[in-house]
Amino acid sequence: MDQPWWQKAVLYQVYLRSFADSNGDGVGDLRGVIDKLDYLDWLGVDALWLSPVTVSPDKDWGYDVSDYRDVQPVFGSLDDVDELIVEARERGMRIVLDLVPNHTSDRHPWFADARASRTARYRDWYLWADPRPDGSPPNNWRAAFGGGPAWEPTPETGQMYLHSFLPEQVDLDWWNENVRNEFDDVMRFWLDRGIAGFRLDVAHAIVKDRELRDVPNDYDKGVLVDIDETFAVLRRWRGVVDTYEEARILLGETWVMDLERLARFYGTGTDQLHLAFNFPYTFAPLEAAALRDVVEGTRAVFPPEAWPVWMLSNHDIPRFPTRTCGGDERKIRCALLALLTLRGTAVLYQGDEIGLEQVDVPLDRRRDVEVEGRDGCRTPMPWTSDGGWSDPWLPLGETTRNVEDERADPKSILNFVRDVIALRRSNADFQSGSYEPLEAPDSVWAYRRGDSTVVLNLSDEPRAYEGTTLAPCGLLADEAPGRLDRRPLADRDPHLVPEDLLERRDVRVAGIRDCDDDLVVADPAHGDGEHPARDLQRKHPRDVEIERGDGQVDVLELELHRERPRQVALEQPAARDQLLAEAHPGGLAVRERDVELLGRDQAAFDEDPAQHRPHLVREERVIQPRRLPRKAEALAQGR
Ligand code: GLC
């Protein structure tokens, strides 16, 4: 069976309020996301997870929902969601929405009804208890925010209601079949619109202990969870999403720090969550032993069919470049390389791709309910050096790292991330290959994915590895021992490598450059009889060094852009000819194949322009031959 899309995917978390503001009101919105889809497509992510888009009084910024079937006006409308789904889909991306089933806003009509009387229609949708005779709460449960009792008195009936978070976030009673039915419907409401699944808020604690018993002293949650029944709810939800033909996912926020407990959220591996966030990995220090232990521990306890998901930052925790990397760019790259090359789905939080750091938000600008505050990881996405926002709801932080500048800089973290995503997309090892830890010196984390190898030197010292010296916090990802790729490679189109190049026996790939002009891949020995240029088809380098039969070295630079329907090119055969005319006279660039491809698409387009799907368009630029840098030459010769 084909590997499902979500296993291969890189997900990108959009914290909607701070992502992109299309109307200048200082708050990000759905149209803003639509406007940035080309950027996200360029980056190469497969799906977006949007923080809640639903109606909310915003006591907890969207995580207190007062209508599960409509859109918060400041974000746009249902039509905008629909358009986002379609526009994303046109670029091969999917939309995952945040669902908050654990609690509703206290302003939700269900709760307004429920609190009024003990016999109200929605009374038993929530959890009520009498206070003790002295007026104190019925048990020792504590709220996550503020740490006070998780019970709030209500004058209307004298009973208290449960709130695991704010008093304005009222816990639903998930023992109630009506609640379950209602959420089945809510899920279908969104799934029918074409979303690709849900990130499930508080997925680890949906059903509470029926007897409301005290939490034991060593319990790690404020409220006692009935975990078996929570799993029963997860299975029910799985049943709902599995009725859809194209795979829809359940991505659980599973705040448990023990891997065996985490594993249980997957059930058999195919009947509960598709993906359960691995917080032990997120919070592991950036040290080889610690990370390796979590990854190996995860592998050891997960059911065989369970698929891991890795994440470093989100809207609730300090950004990883500050938290675990101390702002050190080399460490940031190491963390990102691991995130994107481990076996499992990877989730980037907006800003991770530019190495965005935690922002110190001044006290008078803080907006979060928590005293310590999560504002510092929720500040607006810096699109340009001046941010690209007008009077945003939270202040911008440092904008030295911003999308525009990093996009223009081939050596930036952003281009690095894009390259690694490209590598992951184009190389099946990184999608489905097994994870095998490799022997490595102290503080070096080395692992194999299929035939590919990733090596991270996480120490502050150079480290020797397999005949190479790894720079402090240096990285290396290669596809076979002896082939070194210090920086994963650029472009991504599987059709990138010119067919004629693949056929030319007099052309030999000498190596692939990194952004510092270092040779990073020395020519593989062609033991398997495969033409070495085929490797390019998997790696898609931006710069490919070509050694011709006569021993001279050329550099072929290929640039690819995945774009929306290129009707320009299709409608104007002249543009095609122009493209071909620009091909290198020496004959290394694409020609026949390109004509073929464009021709085929042209025919399809002519036949039914309305049905024309977006497709990959290639642009090639061949630069003049240049000499290999000395270091590269030496490497190539020493091979
Ligand atoms: C989850 C959300 C967080 C929210 C909490 C309560 O942990 O990620 O932002 O405050 O649930 O809904």
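First listed ligand is number 1; within each ligand, the first listed atom is number 1. For clarity, every value in this text was computed on a predicted model and none was experimentally measured.
For the pair Arg333 and Phe416, the cation-pi test (distance below 6.0 Å, angle within 45°) is passed. For the pair Arg17 and Trp393, the cation-pi criterion (under 6.0 Å, within 45° of the ring axis) is fulfilled. Judged by the 6.0 Å and 45° rule, Lys36 forms no cation-pi pair with Trp42.
Taking every heavy atom of His315 and a limit of under 4.0 angstrom, the matching atoms of ligand 1 come to 2 (C), 3 (C), 8 (O), 9 (O). Interface of His103 with ligand 1, defined as ligand atoms under 4.0 Å from a residue heavy atom, comprises 6 (C), 12 (O). Residue Phe145 has at least one heavy-atom neighbour below 4.0 Å for each of these atoms of ligand 1: 10 (O). Annotation for ligand 1: atoms under 4.0 Å from non-hydrogen atoms of Arg378 are 9 (O). Counting atoms of ligand 1 from 1 in the listed order, those under 4.0 Å from a heavy atom of Val202 are 11 (O). Heavy-atom proximity to Arg374, at under 4.0 Å, picks out these atoms of ligand 1: 3 (C), 4 (C), 9 (O), 10 (O). Taking every heavy atom of Gln169 and a limit of under 4.0 angstrom, the matching atoms of ligand 1 come to 6 (C), 12 (O).
When each of Trp255, Trp49, Trp310 is tested with Phe277 by the rule ring-ring contact (aromatic ring centres under 6.0 Å, His included), just one qualifies, namely Trp49. Residue Arg118 is tested with Asp124, Asp130, Asp113 for a salt bridge (Lys or Arg N to Asp or Glu O under 4.0 Å); the sole match is Asp130.
Contacts with ligand 1 closer than 4.0 Å are made by no heavy atom of Glu370, backbone or side chain. At a heavy-atom cutoff of 4.0 Å, ligand 1 is contacted by no atom of Trp61, backbone or side chain. Residue-level proximity to ligand 1 for His204 is absent, since no heavy atom of it falls below 4.0 angstrom.
A salt bridge does not link Glu229 to Arg235: none of the charged nitrogens lies less than 4.0 Å from a carboxylate oxygen.
Of all protein heavy atoms, the one lying nearest to atom 8 (O) of ligand 1 is Asp316 OD2, 2.5 Å. Scanning all protein heavy atoms for the shortest distance to atom 7 (O) of ligand 1 gives Glu253 OE2, 2.6 Å.
Taking Glu353 as the reference, nothing meets the salt bridge (charged side-chain N to carboxylate O under 4.0 Å, His left out) condition, with sequence neighbours excluded.
When Asp368, Asp60, Val100 are ranked by how near their heavy atoms come to atom 6 (C) of ligand 1, first place goes to Asp60. In this comparison of Leu200, Asn102, Asp201, Asp64, the heavy atom closest to atom 1 (C) of ligand 1 sits on Asp201.
Below 30°, between 30° and 60°, or above 60°: for His108 and Tyr68 the angle between ring planes is between 30° and 60°, a tilted geometry. Aromatic ring pairs are classed by plane angle as parallel below 30°, tilted from 30° to 60° and perpendicular above 60°; the pair Trp174 and Trp237 is perpendicular.
Heavy-atom separations between Arg199 and ligand 1 include at least one value shorter than 4.0 Å.
A 6.0 Å sphere centred on CZ of Arg299 holds more than 12 heavy atoms belonging to other residues, nucleotides or ligands.
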